[in-house]
Amino acid sequence: MKLSFQSRIACLFAALFVTVQALTVVCIYLAVRDNLLRQLDQDLRYAEQAFRQLLVESAARVAGETGLLVADFGFRSTITSGDPATIASALENLLLRINGQRAVFIDLQFRVIADTGGQWQGRPFKVAQALANADSVRPQVWFGLLDERLQEWALVPVLAPVPVGWVVVAQAVEEQRIDQFRQNSLLPLQIGLAVLDSDGSRLLAASKSEAASALLNSHFDPMLTTTIETAEGRYLGRVLSLPAAGQEQHIAALLQIKFTDAFAGYRHMLLLAAGLLLLGLLATLAGSVVIARNLSRPLRTLAGAGERVVSGHFSSTPLTDRSDELGRLADTFVRAAQLAGQLVTLQQKDQERREFVASVSHDLRTPLAALHAFLETMQRKADNLPAKEQEHFLNTALRQSEKVSRLAQELFELAKLECDDASLNKEAFNMAELLQDVSQKYRLQADQRGIALKAELRPALPAVLADIGLIERLLTNLIDNALRHTPAGGTVQLDACLAGERVAVTVCDTGIGIAPEYLPTLCDWDSPLARRARANGGGFGLILVGKIARLHGSRLHVASTLGIGSVFRFDLPLAEAVSVADNSP
């Protein structure tokens with residue numbers, strides 16, 4: 001079934017919006033989910049470090065304090081020479097000072113000499129093998145079960161000054177500390193404690209027993225975050241192994257976060273986004289039908305109008321093989337656009353030519369009218385005009401003719417530069433030498449005006465590649481302009497220096513300066529300063545300067561301050577840099 005253009009537009013818009021909306025929802029959900037999983041993994045790692053520090057730092061504190069007390073001479077004397085009751089009394093005193101719960105002294109044969117709990121005295125220490133592998137000079141921290149309760153064991157060697165045994169201080173891991181850690185955590189954290197025996201795993205305590213048991217029974221990797229599926233939902237968990245006395249029994253902390261609890265902060269946002277997207281989808285589905293109906297009607301009208309306006313045979317376009325309104329409209333308006341573009345270009349060029357001719361005619365009419373008036377006066381009053389007035393009239397007429405000549409010369413040079421087939425006769429030359437030559441031409445004029453004309457001589461300056469004739473013309477225009485606007489006692493400075501792979505040329509004067517509002521259009525033919533200068537027989541000098549700079553791939557930069565002076569700057573490419581660029585593959 002062949003669908004109309006209107007139906008195809010409606011179907012296209014509907015399919016496009018449905019696809020975009022669906023992809024948007026999926027992308028948002030996946031992005032939020034992946035970001036949340038990464039964030040939860042980082043949060044669990046941080047919580048694991050904080051929880052390890054919470055558990056170990058208490059035992060480490062006890063071990064440190066015990067080490068200081070055990071080093072006391074009196075305690076060592078009691079240990080080495082006292083009986084079990086005396087040693088037990090010393091241990092009781094030690095527990096009072098460190099707020100410990102139980103202390104044991106073990107000799108070098110791993111036999112319990114004294115036990116404040118009264119249970120192990122005279123018996124071998126239960127983890128003698130681990131004690132044999134312990135460091136004999138440094139305190140250590142263990143976690144293990146004592147009377148079926150999880151204890152922190154601080155193992156401290158007794159040196160007198162050689163090792164004589166160990167003092168072991170045990171302290172129960174209080175659930176209150178773990179609950180306080182959970183409450184202070186910003187995460188919905190679930191914590192459990194378990195024993196990892198060689199025979200199997202056993203859960204000691206957990207805030208969520210089912211999730212903790214599932215994590216214990218899974219094939220978890222202590223280095224990675226594990227995902228666990230339970231009847232209550234999905235959990236992310238990590239297993240933190242604590243320092244243990246032996247290989248037969250390990251104590252582990254289980255840290256878990258329920259995915260739905262962590263996702264709760266995002267759920268409302270996603271539901272709101274989904275609701276808005278659904279409303280937008282319904283609106284776009286209804287709007288696509290209206291848009292297609294309203295779009296096809298003017299398209300048919302415009303296509304017919306374009307065919308009536310545009311006539312003649314033109315090359316085909318990629319859409320001319322379509323039989324609907326869009327094909328006709330595209331073909332018609334492509335041809336119309338071609339004609340309209342050509343017409344606008346011609347109109348712009350014609351308008352520019354008219355404005356230029358009118359401006360130049362006005363600028364030439366003033367000096368020609370003055371010249372004609374003076375010559376006519378001299379002709380009519382040749383017999384009665386005094387010699388002094390005749391000389392004045394002749395000088396004035398001569399000045400007006402010079403204005404006309406200067407305008408004509410500048411117009412001729414500008415016409416040559418504006419010509420489409422104008423080409424540059426580029427050659428390599430030394431810019432410092434050209435500055436010296438040009439400055440010598442204006443030395444006498446500068447001296448007559450009382451102006452110091454200086455040119456920096458830099459013999460080591462690399463050669464540039466440019467049209468030496470045009471660059472000389474550019475410099476003469478800038479120097480002449482600087483001398484005419486610099487009062488007696490001022491300075492005109494010429495300089496050229498290396499700037500990267502180009503040579504920067506500056507003409508600096510201490511003249512009257514240029515107002516800031518004139519700087520943006522300084523090189524335009526219709527600028528206020530150019531119109532004012534043409535009234536005095538000039539006005540095209542800076543236009544020529546700007547055009548010559550652009551032909552050389554540069555731009556005239558002007559910085560000026562009223563009453564202080566102006567700085568004109570342009571740059572030219574190095575001859576060596578251009579040669580390397582031309583020879584590069």
Side-chain angles (χ1 to χ4, degrees), residues 29-30 32-60 141-153 171-197 199-244 249-271:
Y29 174 77
L30 293 178
V32 171
R33 179 179 177 276
D34 292 341
N35 180 69
L36 181 60
L37 288 175
R38 286 193 297 269
Q39 185 64 42
L40 289 179
D41 181 66
Q42 295 177 1
D43 292 339
L44 277 174
R45 292 176 184 273
Y46 174 79
E48 182 183 70
Q49 296 175 3
F51 191 68
R52 178 191 292 271
Q53 183 178 3
L54 173 70
L55 293 180
V56 174
E57 68 178 358
S58 177
V141 173
W142 290 345
F143 287 85
L145 293 180
L146 181 61
D147 300 332
E148 294 303 314
R149 291 190 65 189
L150 180 61
Q151 303 281 335
E152 300 170 329
W153 292 2
Q171 187 167 323
V173 177
E174 301 173 355
E175 295 183 2
Q176 182 179 0
R177 250 196 308 167
I178 299 176
D179 292 336
Q180 186 176 4
F181 178 81
R182 288 186 60 240
Q183 294 172 4
N184 293 336
S185 175
L186 298 178
L187 303 173
L189 202 62
Q190 305 297 334
I191 300 178
L193 295 172
V195 179
L196 308 181
D197 290 325
D199 298 333
S201 302
R202 181 161 50 97
L203 190 64
L204 296 177
S207 55
K208 288 288 185 180
S209 302
E210 182 179 354
S213 299
L215 180 59
L216 278 179
N217 296 328
S218 66
H219 299 287
F220 61 85
D221 186 344
M223 303 300 296
L224 300 176
T225 300
T226 305
T227 302
I228 301 297
E229 295 287 348
T230 68
E232 297 178 356
R234 178 185 301 177
Y235 283 82
L236 300 178
R238 292 183 64 85
V239 178
L240 170 62
S241 296
L242 299 175
Q249 186 183 82
H250 290 281
I251 304 299
L254 312 177
L255 284 76
Q256 295 174 286
I257 297 178
K258 191 175 182 180
F259 185 81
T260 54
D261 293 342
F263 199 78
Y266 297 86
R267 185 180 296 111
H268 298 296
M269 181 186 68
L270 286 177
L271 291 177

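Phe143 CZ to Leu242 CG: the interatomic distance, rounded to the nearest 0.5 Å, is 5.0 Å. For the atom pair CD1 (Ile251) and CG (Leu193), the distance works out to 8.0 Å, reported to the nearest 0.5 Å. In this structure, the separation between CD1 on Ile191 and CG on Leu254 is 10.0 Å, given to the nearest 0.5 Å.
Residues passing the side chain to side chain contact (heavy atoms under 4.5 Å, CB included) test with Ala211 are Lys208, Tyr235, Gln256, sequence neighbours excluded. Residues that satisfy the salt bridge (Lys or Arg N to Asp or Glu O under 4.0 Å) test with Glu229, not counting sequence neighbours, are Arg234.
Closest approach of Arg238 and Leu215 over heavy atoms only: O-CD2, 4.2 Å.
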